[in-house]
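Structure first, then comments.
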Amino acid sequence: MGENGGTGRGGMEELAHPRPGRDPGQRATEGDGAPVAPASVDAHAAGTDREAVAPEAEGARLQEVLKARRAKLEFWRRRGVDPFGRRYDVTHHARDVLEGFPQLEGQAVRVAGRLMALRRHGRAAFADLQDVTGRIQLLARVGPLPEEDYRAFLELDRGDWVGAEGTVIRTRRGEISVEVTDFVLLGKSLYPLPEKWHGLQNVDLRYRQRYVDLIVNPRVLETFKIRAQVIREIRNFLDRRGFYEVETPVLHLIYGGAAARPFVTHHNALDLDLYLRIALELHLKRLIVGGMERVYEIGRVFRNEGISTRHNPEFTMLELYQAFSDYEGMMELTEQLVSHVARAVHGTTVVRYQGQEIDFAPPWRRLSFAEALETMAGVRLDDVLTDEGAQRVARERALELTKAPTPAAVLDELVDVYVQPRLIQPTFLYDYPVVLSPLARRIPDRPHLAYRFEALVAGMEIANAFSELNDPDDQRRRFEEQLAARARGDDEAHQMDEDYIHALEIGLPATGGLGIGIDRLVMLLTDSPSIRDVILFPLMRPRD
């Protein structure tokens, strides 16, 4: 992937005999602001493929570069410079200088960042300095800099962290720049970055070395800026509506709140096996029992399950609970929250995701579970609610189940295969079967159904909500049914949680609860095809 600002203009003049201490992979060129592609060794160092150079030659070049960069440590130390830097007080970021040029022209500023290119032009040198807001060009030349300092500036390498003080100017070519009057090395780069024109393209390596990915792929950094903005806007939205943000335990004696296998750990001092939480739900509802009325948590959740473009073993959930509400109130809250976040991030409720235009503006489509199953899968809900019916449908549809064909497992698979992929625009799929909803309140005149919905967008679930079950006797029966399902081989069924039942006996008011997958929401708002693209450090299998 090319980097921002790369134009390739200007003559290119390869250094045939790099002087001692200079990175042999660095090229020089004439031309103000003309980026230069470093030698292919940088691509090899970061794992991109270059067919023109044999791996053995690339390896030898890499070792030469590493040796030369190590030699630079001694160069800077001989000058009395700590090559790993010190505190540096920054007055402006790159974007501040570029956007504030009319006010800053001729003024002194102090900027800092990573050097992404260095180009010579006679007795001057141009460099691209990259910080968290973007890039600014540095101009170094004899005059504003003493000649000895100018020569030292030329010994900087692509990837070095540099602080620069200077005057804001516009060059002859019209590029806003900082003319350097003083600089300091803030951190020596000992390993070359991926070469400029190809960037870091190896997907596996991008996830393993996210720190490099963020440097050389500007869109990746933008994705995680948007992620931070999404979380900030969610907090703002909920805080303004009287919700309290809380923190609940990650280590559980009994796991629950979702259908998933847990990770198991051990507490040595107590000699107890514990579970990493699979959901935030049960502790948050205990807080409603305690009278907090409106609570939410944004936290990491851990599920010992498969990995796909939409699943990661650890992910981020928003869960919230509101006393005196129900699942219809949660539908309204979901529409308002997600459309608010989309508008805050993009200025509109309409976004493009993988070539499709998605509009988050309320109201969202509402579709009952039974209707969706019959019209999209050709299966009547009543035909799947018994063990015999579920087994028959599983055979007839040749469903590829990973667990015993219980009604819950078969219904879940039917939705995944036939319904979910067809729901592109935001849709509430509501009135779920009780067998899929052990914590949701029954519908009185249809006791096999529960007040539950899932919000589906672009063929994936982004939210799940209930009118919460607050009848302790019904909850006990549901847990007992879950235990029976476990005995039949469903290892994702709930355990019995006596303390939670006791909390319900103390009294839980009518309550609406909502969970939103932050990672999938960010996928939609950043047009990211994989959940790993929106998690900074996704779990990876160790390399051999």
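In what follows, every heavy atom counts, from backbone to side chain, and hydrogens, waters and symmetry copies are set aside.
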Regarding [X] and [Y], does a basic nitrogen lie under 4.0 Å from an acidic carboxylate oxygen?
{"X": "Arg61", "Y": "Glu58", "value": "no"}
{"X": "Arg227", "Y": "Asp519", "value": "yes"}
{"X": "Arg78", "Y": "Glu74", "value": "no"}
{"X": "Arg170", "Y": "Glu105", "value": "no"}
{"X": "Asp82", "Y": "Arg86", "value": "no"}
{"X": "Arg79", "Y": "Glu155", "value": "no"}
{"X": "Arg158", "Y": "Asp160", "value": "no"}

Minimum heavy-atom distance between Arg520 and Arg310, given as atom pair plus value: NH2-O, 3.0 Å
If you look at every heavy atom in Pro313 and Ile307, which pair is closest and at what distance? CD-CG1, 3.7 Å
Donor-acceptor check, side chain of [X] to backbone of [Y], threshold 3.5 angstrom: yes or no?
{"X": "Glu297", "Y": "Thr248", "result": "yes"}
{"X": "Thr348", "Y": "His346", "result": "no"}
{"X": "Asp131", "Y": "Gly134", "result": "yes"}
{"X": "Glu314", "Y": "Arg303", "result": "no"}
{"X": "Ser177", "Y": "Glu175", "result": "yes"}
{"X": "His252", "Y": "Pro249", "result": "yes"}

Under a plain distance cut-off of 3.5 Å, with no hydrogens placed, do [Y] and [X] share a side-chain donor-acceptor pair?
{"X": "Glu148", "Y": "Tyr150", "value": "no"}
{"X": "Gln130", "Y": "Arg135", "value": "yes"}
{"X": "His340", "Y": "Glu233", "value": "yes"}
{"X": "Asp239", "Y": "Tyr244", "value": "no"}
{"X": "Thr167", "Y": "Glu179", "value": "no"}
{"X": "Arg69", "Y": "Ser189", "value": "yes"}
{"X": "Thr349", "Y": "Asp359", "value": "yes"}

Does CZ in Arg541 sit with more than 12 non-hydrogen atoms of other residues, nucleotides or ligands closer than 6.0 Å? no
Min side-chain heavy-atom separation [X]-[Y] under 4.5 Å:
{"X": "Leu138", "Y": "Phe183", "answer": "no"}
{"X": "Leu139", "Y": "Val180", "answer": "no"}
{"X": "Leu525", "Y": "Phe360", "answer": "yes"}
{"X": "Arg235", "Y": "Tyr296", "answer": "yes"}

Distance to the ring centre below 6.0 angstrom and angle to the axis at most 45 degrees; does that hold for Arg210 and Tyr207? no
Regarding Arg119 and the six-membered ring of Phe126, is the cationic atom NZ or CZ under 6.0 Å from the ring centre and inside 45° of its axis? no
Going through the distances and angles, do Asp204 and Arg206 end up as a salt bridge (charged side-chain N to carboxylate O under 4.0 Å, His left out)? CA-CA 5 Å; Asp204 180 80; Arg206 285 182 51 223; over 6 Å; no
Start with the C-alpha gap between Ser528 and Arg219, add the side-chain angles, then the distance that decides, and say whether side-chain hydrogen bond (donor to acceptor under 3.5 Å, both in side chains) holds. CA-CA 11 Å; Ser528 298; Arg219 187 177 181 276; 4.7 Å; no
